[in-house]
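Below, read A as the first sequence line, B as the second, and so on, with proteins coming before strands; counting in each chain starts at 1.
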Number of protein chains: 2
Amino acid sequence: MELDVRRLFLLAEIAEYGSLTGAAEAMMYTTSAVSQQMRRLEAEAGQTLFERRARGVVLTDAGAALVARAHAIRRELAGAESDLEALSGLHAGTVRIGSFPTASASILPLVLTQFSRQHPAIAVSVRSALRDPLRELLLMRDVELALFWEYDWSLFEDDAIETERLLDDPTVLVVAAGSEVGGTGPVKLSSMAGERWIIRADGHPVADVLTRSCHAAGFAPDIAYDAHDYQEAQAMVAAGLGVALAPRLSLTNLRDDVRLVPLDPQTPVPVRRILMGQLKGHQPTPAILGFQDTLREAARAMPKTFSQQGQLGSVNQ
Amino acid sequence: MELDVRRLFLLAEIAEYGSLTGAAEAMMYTTSAVSQQMRRLEAEAGQTLFERRARGVVLTDAGAALVARAHAIRRELAGAESDLEALSGLHAGTVRIGSFPTASASILPLVLTQFSRQHPAIAVSVRSALRDPLRELLLMRDVELALFWEYDWSLFEDDAIETERLLDDPTVLVVAAGSEVGGTGPVKLSSMAGERWIIRADGHPVADVLTRSCHAAGFAPDIAYDAHDYQEAQAMVAAGLGVALAPRLSLTNLRDDVRLVPLDPQTPVPVRRILMGQLKGHQPTPAILGFQDTLREAARAMPKTFSQQGQLGSVNQ
DNA sequence: CAACTGACTTAACTTGAGCTACAGTCAGGG
DNA sequence: CCCTGACTGTAGCTCAAGTTAAGTCAGTTG
C-alpha cells in the first residue's frame, strides 16, 4: 500500500472544505486532478475514505483517521522548517573551534563570552593544540574553524586550508618593572645589544624572533635563560635575569613586576599574524559564519584592549 | 522552501548508511538520482545538510534535525497504516444502525451483544423509528444499515435502497394459558371463527393481518379490544378478553399466563419478513460488513431461539 | 608516485505521474 | 423537468525524477 504524503495532505484539504471542488480551488487544481488523486489514495488505503454525496463528500472513519495523521505530519514539517529557521538564525547549532595555547589564553575567552552572549543557544567546543596537530584537526574536520599564527619567515601554508588574517600581534620587549629601559618611549632593538635575554626553550618559534631580530639589529643575543612558557619567562624578567621579546598577545595577564616596552617601528619589528583558517571549499554553517563575525569583531577591538591594559601606547600600526 | 517528504526519507536513508551510494542501493536508485534529490533538498532547506567526505558524508546539525523529523513522519505514516489495518480488521470503527421497535426489542439485543463480543472495539449506535422515518434515516445517511419489515400485501420498496431478506417472522395465535385452543397442535384459523379478538389500535399494520387472514378463512373477526402495544395485548389475552394474532418476534418476552399456538401451515399463514436494508451503491465499510454478518448469523439462529423459549415447535418453514 | 578505487557530481536524455481540458454522469432543488 | 453543483473518466501534455555516461576528487595501494 504505502500511503503517499501529498495525497494525505490533499485529503486533509478535502476534509476542511467538505468537497473535492473546494479542495481543488484551495490548491489551485482542477477537480478532476483531486478526484484522480483520491482514487489512488483510496487504492493505497485499501478502503473508501469518504462517501460521495450530491453536494460534496463526508469522511468515513478511515478518512478521518488519515486526516488526523496528515495533520500530525504537517506539524512535523512545520517543526522541521522551524528547526532550520533556528539553525540559520543562530538560535541553535554547534561550532567546533581549534586554537593554539596563546590564543586560547588571550583573545579566545573574549570571543567566547561575546559569542555566547549574542547566541546563547549555540554550543561551542574548543580544542587547543599546537600548530600541526591543529592543522590536522581541521583537515580531519574535528573542528570547523581554527586559529593559526605565522611570521614572515614561517608562513602558514596549506593548500587545503584557506586563511584570513585576523590580527597583527606585535613583538614587544618585556623588562623588569624597575628597569629604566623604554622610560622615554619606544626603543630601538640595536640599543639593547648589551642586555641578557630570556628565551623560550626547545626551539619554540618565538626563539627565532629574537635571534633574527637581533641579527638584523647587528648583534647576537646573550641568552640568560631558557624558559618553558611565557609565565616562566615573565618571572625570570621580573627576577632581573634579563629582558625578553614576546608577542603582545602572550602577555595578556601581565605580572605587576614587569613592564612592556614597544619597539621602535622605524626598525623592522617582527609581527606575529593571527589567522583564522577553515577547509577550502567547505561550506560554513550559519553558526560558523556567526562565530567568524564575532572573531573578526574581537580582533578589531584587540588593540584597544591592549592599550586599556596600560603600559603600551598604540602598539599596533 | 516547502520541504519534500520523500526527499526527507531519502536523507534519513543516507544518514543510516553514511553515504549516498549506500542509500541509493537500499532504495534501488542510482547514486546520481540520490545526489540530485539531495541537491534539491538542500535548496529547499536553504542550507547544507551534510558534509561531503572522501568516503561518504556526515550530517550537519541541520541534516540531523531533518532526519529526526523524517523519522517522526515515518512513525506517523506507520501509525496511519495501522489505523487502516485496525479499521479493516474490525479493531476500530463505528456502525450506525436503524431499527423498528419490535426488532429493537427482540433480535437486535442478541445481535448487539454478539457483535460487541466479537468486535469490542467497534462502536455501535442504534436509532429506533417507524418504517418511514427509518427509510428517511437511511436515505439521509444518518444510519448505514436499517432493519425493515414487509408483508406480502405491503412490500417494502424503495429504489434507492437495496434489501436482503433476513428472517421470516411467522404470525402466531396468542391465547390465555388456561385456554384449550391448540391443545392438540397447530390450529386452523377457520376453527377460530367464534372467538373474540384483541387487535392493535390506530390502524397498526398487524391489524391488517387479522382482518385479511380471517377474511381468507371465511369469517369477520369480532373485535374485543384495541390495544396500543403488544404488552397490552398480551395482558388482555391473559385476562380472557379474547385471543390475538401477533408476529412471533413481538412476543420475545412472553407472560406466564399466555400461550402461543402455531397456525396450521396447510392454510396460508401470514408471514412478516424482516429485511436488512442499505443504500444502493453505497460501499459498506468493513465494520458494516461485519455487522451484517452478525445479523445474518443471528437471523439464522432465531428459529432455534424461538423453540428454546418453548410453546412452539418448528415455527419457521 | 602513478594507478586504482570508491564516492560524489554534472549533463543529457527518458519516462511516467500528475496535471489540464473537456465531456460525461448523477442527485437535488426551483 | 431542466438546471446546477459536484464527482468521474479520457486523452494528452509537461516536468520532475529517474537513468546513463562521463567526469572529478581524495584516499589507498602496488
Give me, pair by pair, the N or O atoms of the protein and of nucleotides 12-18 of chain C that are less than 3.5 Å apart, along with how far apart they are.
residue : atom : partner : partner atom : Å
dG18(C) : OP2  : Arg7(A) : NH1          : 3.1

Write down the protein N/O and nucleotide N/O pairs, taken from nucleotides 3-7 of chain D, whose separation is under 3.5 Å; answer none if there are no such pairs.
residue : atom : partner  : partner atom : Å
dC7(D)  : OP1  : Leu20(A) : N            : 2.9
dC7(D)  : OP2  : Leu20(A) : N            : 3.3
dC7(D)  : OP2  : Thr21(A) : N            : 2.8
dC7(D)  : OP2  : Thr21(A) : OG1          : 2.5

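Rounded to whole Å, the distance from CZ on Arg39(B) to C1' on dA16(D) is 13 Å. In this structure, Glu51(B) places its CD atom 15 Å from P of dA26(D), rounding to the nearest Å.
Looking at residues two or more places apart in sequence or on another chain, you find a side chain to side chain contact (heavy atoms under 4.5 Å, CB included) between Glu2(A) and Arg74(B), Glu81(B). Checked against side chain to side chain contact (heavy atoms under 4.5 Å, CB included), Arg55(A) has no partners two or more places apart in sequence or in another chain.
Of the residues listed (Thr21(A), Leu20(A), Leu11(A)), the one engaging Val34(A) in a side-chain contact (heavy atoms from CB on, under 4.5 Å) is Leu20(A), and it is the only one.
The salt bridge (charged side-chain N to carboxylate O under 4.0 Å, His left out) pairs that include a residue from residues 82-95 of chain A are Asp83(A)-Arg69(B), where partners are two or more places apart or lie in different chains. The stretch residues 97-108 of chain A participates, sequence neighbours left out, in no salt bridge (charged side-chain N to carboxylate O under 4.0 Å, His left out) pair at all.
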After noting the C-alpha distance and the side-chain angles of Thr60(A) and Gln47(A), does the key distance pass the side-chain hydrogen bond (donor to acceptor under 3.5 Å, both in side chains) rule? CA-CA 9 Å; Thr60(A) 62; Gln47(A) 43 193 307; over 6 Å; no
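Aromatic ring orientation, Phe156(A) versus Phe148(A): parallel (interplanar angle below 30°, classes split at 30° and 60°).
Nearest-nucleotide positions on DNA chain C for Leu10(A) and Arg141(B) put Leu10(A) closer to the 5' end.
The existence of a salt bridge linking Glu162(B) and Lys280(B) is excluded, since no basic side-chain nitrogen approaches an acidic carboxylate oxygen closer than 4.0 Å.
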